[in-house]
Amino acid sequence: MSPEQLIIEKVKGAIHALYGADVPQSSIQTQATRREFDGDITAVMFPFLKISRKSPEQTGEEIGAYILEYSKEIESYNVIKGFLNLKFSGQYWLKVFEKISTTQTWGEHKQSGRTVMVEFSSPNTNKPLHLGHIRNNLLGSSVSRLLEANGHRVIKVNLVNDRGIHICKSMLAWKKSKLGETPANTGIKGDHLVGKYYVEFNNILKQEIEELKKSGVEESEAEKNAPVLKEAQEMLVKWESGDKETVELWRTMNSWVYDGFDITYKRLGISFDKTYYESDTYLLGKQLVSEGLKRAVFFKKEDGSVWCDLSQEGLDEKLLLRADGTSVYITQDLGTAQQRFEEFRFDKHVYVVGNEQNYHFQVLKLLLKRLGYSWYDTIYHLSYGMVELPEGKMKSREGTVVDADDLMDAMINTAKETSLELGKLENMSQNEQEQLFNMLALGALKYFIIKVDPKKKMLFDPKESIDFNGNTGPFIQYTHARIRSILRKASEQSIEKSITGANLNEKEIEIIKRLNIFPDKIKEAGDELSPALIANYAYELAKEFNQYYHEISILRESDKELIAQRLMLIDVISGILTRAAAILGIELPERM
RNA sequence: GGUUCGGUAGCUCAGUUGGAUAGAGCAACAGCCUUCUAAGCUGUGGGUCGUGGGUUCGAAUCCCGCCCGAAUCACCA
């Protein structure tokens, strides 16, 4: 039972004994006592005044006195205004500490028997991954681990958008260049090479539009009628009709991209249980639409296109099939969702997709509901805000993006410079050093991105991201390295760690309280699908340790029992930090 | 215009089911390395929590109006 739950029981009992009334558990409000007051848990007295018919102070006094008399866990109490502050005994916290330290899986929850599918990443194959994708990937993978820690069976899936006009654009520009460039003959990473030709296409397009405008064509017309765009559209038709040459080129260029993506995913520490390709799924859903049409859930317009009227829900009409009978994005998503449900019978399906698609998912759920699927509400759109740069938004067409690979390289460089400056690596081999730089750089990047509430748009300031001081990933890594260093020294001197029953100081109790709420944090973060809560938790814990570190000398104490107990405490801290970091995907070094 | 989401210190962000004097980091300033790692610690300054009402013993938090910003409302994906 948590301290808060315990206090709720006690207060309930006290009110029953003192005033002969039963109050619902929900009316008993507790919170951690604020630092400036003496106590651990605070109960709010205001809701009970009608029952006690006394002042807030007097009510608090009476309840406090009663609890003190009948509870061995409570050491003292005080009342300030309507707040009853209760203080647990050191013995109580020692027991809590013992429980945490003997529970190997502290923070992990029992198997829930629920299956959760998480779709994330979902890249286009016409360009390399950029900062926005990094946020998506980091969110998706940390949310997956968070759900696993909550005992769910998690299936991570990726839906690769490998077909459509965008990839034709890259293909066309590549073909036109007649250079025959490949990753092998240029040494360029596959996704970057294809991305290069996507930018090239847009350059050609821009040029053609300019020329058309010079010859007197309106801008909007020029944008629609540029020859190169027509060519790309023709290419898409060729692809859809299975034209051998086009399909061959498409396969080749996509394979370059996949090789490139694999490298980036690996660096980011990301994997999937199943990968779907849109070229396989884009026709799915037509069946659903025609059934909906039969049952008059949808309707057909004169030109033959199929729509759903969502005006009742405050939305517009939504297109489901084009006049020529081909399917659109949402048709595909309807089919995919249904297929996945048949296959996995998930209890929840999380889509990690940017907030520019809020409307899309609103519609998707509504359509599934209209079609009569009872599981429509298990679909959850984890919508995250855009990543912006100090100069404004990123635009991949104009090449003003922060490339994922470049960014990681830059951060590894900074990690190297910073580490060498601080000069702590004398005893490390070249190989170990490289590993450390990599760990620090990715730790910094991951923490920087994950610590922000997913809903909010975030600003990525390169200057700030490479700062390894303060509320950062490297701070947590540093804290861990410090702890491991102490434990190494203790082990060299054969000092045992154990819980001896020595008195705990205030800071230690504070730390134990924080360790104690770790399982609740995991639960809360899992319910809200917000790894940011775990990031902040880890930071607070690390900060508390650093303060503790400066207050006392763990190994220089004369009392052997005290040393043993303190070693045990920091060992537990290191374990929890490691577990929290694992959820965030951050590796912690043994030394740095 | 409709829908959705944001607005907290100069900047980047936290803020538990509504609770006490709203917190971190960065930046600025002042201290702390003969001691287990100074990527650290301590202190100072910095706030009409967008705004106006309402509910309540009590509001950054809940409700309503307004202001500002973002995304979206395609026979693109």
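Every chain is numbered from 1, with letters handed out A, B, ... down the list of sequences.
- As judged by a 4.0 angstrom heavy-atom cut-off over every strand, A:Leu422 is placed among the base-contacting residues.
- Nearest nucleotide to the A:Ile165 side chain, out of B:G19, B:C76, B:U72: B:C76.
- For A:Arg322, the listed nucleotide lying nearest its side chain is B:C76; candidates were B:G69, B:U12, B:C76.
- A:Ser311 comes within contact range of no nucleotide atom at all, as no heavy-atom separation falls under 4.0 Å.
- Glycosidic conformation of B:C33 is syn; the angle stays within 90° of 0.
- A:Asp520 comes within 4.0 angstrom of nothing in the nucleic acid, heavy atoms only.
- For A:Leu440, whose side chain is taken as the heavy atoms from C-beta onward, the closest listed nucleotide among B:A22, B:A39, B:U8 is B:A39.
- When distances are taken from the side chain of A:Ala481 to each of B:U21, B:U37, B:C13, the shortest belongs to B:U37.
- At a cut-off of 3.5 angstrom, the base of B:A39 holds at least one donor-acceptor pair with the side chain of A:Ser419.
- A:Glu278 comes within contact range of the sugar-phosphate backbone alone, with a heavy-atom separation under 4.0 Å but no base atom that close.
- Within the 4.0 Å cut-off from OP1 or OP2 of B:U37, at least one side-chain nitrogen or oxygen of A:Lys489 is found.
- Here the nucleotide nearest the side chain of A:Asn355, chosen from B:A71, B:C73, B:A20, is B:A71.
- With respect to A:Thr42, the side chain to side chain contact (heavy atoms under 4.5 Å, CB included) criterion is satisfied by exactly one of A:Asn85, A:Ile7, A:Ile80: A:Asn85.
- If you check every strand for non-hydrogen atoms under 4.0 Å, A:Ile330 touches nothing.
- For A:Met458, taking side-chain heavy atoms from C-beta onward, the closest of the listed nucleotides B:C73, B:G40, B:C13 is B:C13.
- Side-chain atoms of A:Asn85 and base atoms of B:A20 include a donor and an acceptor less than 3.5 Å apart.
- For A:Arg591, the side chain to side chain contact (heavy atoms under 4.5 Å, CB included) partners are A:Met428, A:Arg488, not counting sequence neighbours.
- Using a 4.0 Å heavy-atom criterion, one finds that A:Gly164 contacts no nucleic acid atom at all.
- Stacking between A:Phe37 and B:A20 is present: the aromatic ring centre lies within less than 5.5 angstrom of the base six-membered ring centre, and the two planes differ by under 30 degrees.
- Distance, A:Glu36 CD to B:A20 P: 9 Å, rounded to whole Å.
- The side chain of A:Lys543 has B:A24 as its nearest neighbour among B:A20, B:U4, B:A24.
- Counting any heavy atom pair closer than 4.0 Å across all strands shown, A:Gln357 reaches a base atom.
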| field | Secondary-structure notation, RNA chain B, from Watson-Crick and G-U pairs under 3.5 angstrom (| other strand) | value | (((((((..((((.....[...)))).(((((.......))))).....(((((..]....))))))))))))....
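- Using a 4.0 Å heavy-atom criterion, one finds that A:Met592 contacts the bases of the nucleic acid, with or without backbone contacts as well.
- In this structure, A:Ile554 reaches the bases: a heavy-atom distance under 4.0 Å links it to at least one base atom across the strands shown.
- In this model, the phosphate group of B:A20 is approached by a side-chain N or O of A:Arg34 to a distance below 4.0 Å at OP1 or OP2.
- Between A:Asp453 and the options A:Lys451, A:Lys457, A:Lys455, A:Lys456, a salt bridge (charged side-chain N to carboxylate O under 4.0 Å, His left out) holds for only A:Lys455.
- Among the atoms of the strands shown, only primed sugar atoms or phosphate atoms (P, OP1, OP2) are found under 4.0 Å from some heavy atom of A:Lys81.
- Among the nucleotides B:C5, B:G7, B:A71, the one closest to any side-chain atom of A:Glu356 is B:A71.
- Picking from B:G40, B:C75, B:G25 the nucleotide with the shortest atom distance to the side chain of A:Arg482 gives B:G40.
- Map A:Gln547 and A:Ser485 each onto its nearest nucleotide of RNA chain B; the residue landing nearer the 5' end is A:Ser485.
- When rounded to the nearest whole Å, the span between CD1 of A:Ile450 and P of B:A14 equals 13 Å.
- Taking atom P in both B:A70 and B:A27, one finds a spacing of 30 Å when rounded to whole Å.
- With A:Phe475 as reference, A:Tyr539 is the one residue of A:Tyr539, A:Phe468, A:Phe448, A:Tyr447 to meet the ring pair (Phe, Tyr, Trp, His ring centres under 6.0 Å) rule.
- Base engagement by A:Tyr329 is indicated by at least one non-hydrogen atom pair under 4.0 Å involving a base atom.
- Among the protein residues, A:Val452 comes within range of the sugar-phosphate backbone only, with heavy atoms under 4.0 Å from sugar or phosphate atoms but none that close to a base.
- Separating the C1' atom of B:U48 from that of B:A24 is a span of 23 Å, rounded to the nearest Å.
- At a threshold of 4.0 angstrom between heavy atoms, the contacts of A:Thr472 with the nucleic acid are absent.
- The phosphate of B:C13 (OP1 or OP2) has no side-chain N or O of A:Lys456 nearer than 4.0 angstrom.
- Distance A:Asp461 CG to B:C26 C1': 10 Å, rounded to the nearest Å.
- Per the stacking criterion (ring centres < 5.5 Å, plane angle < 30°), A:Phe46 stacks onto the base of B:G19.
- The side chain of A:Tyr478 lies closest to B:A38 when the candidates are B:A38, B:G19, B:A77.
- With centres under 5.5 Å and a plane angle under 30° as the test, the ring of A:Tyr549 is not stacked against the base of B:G40.
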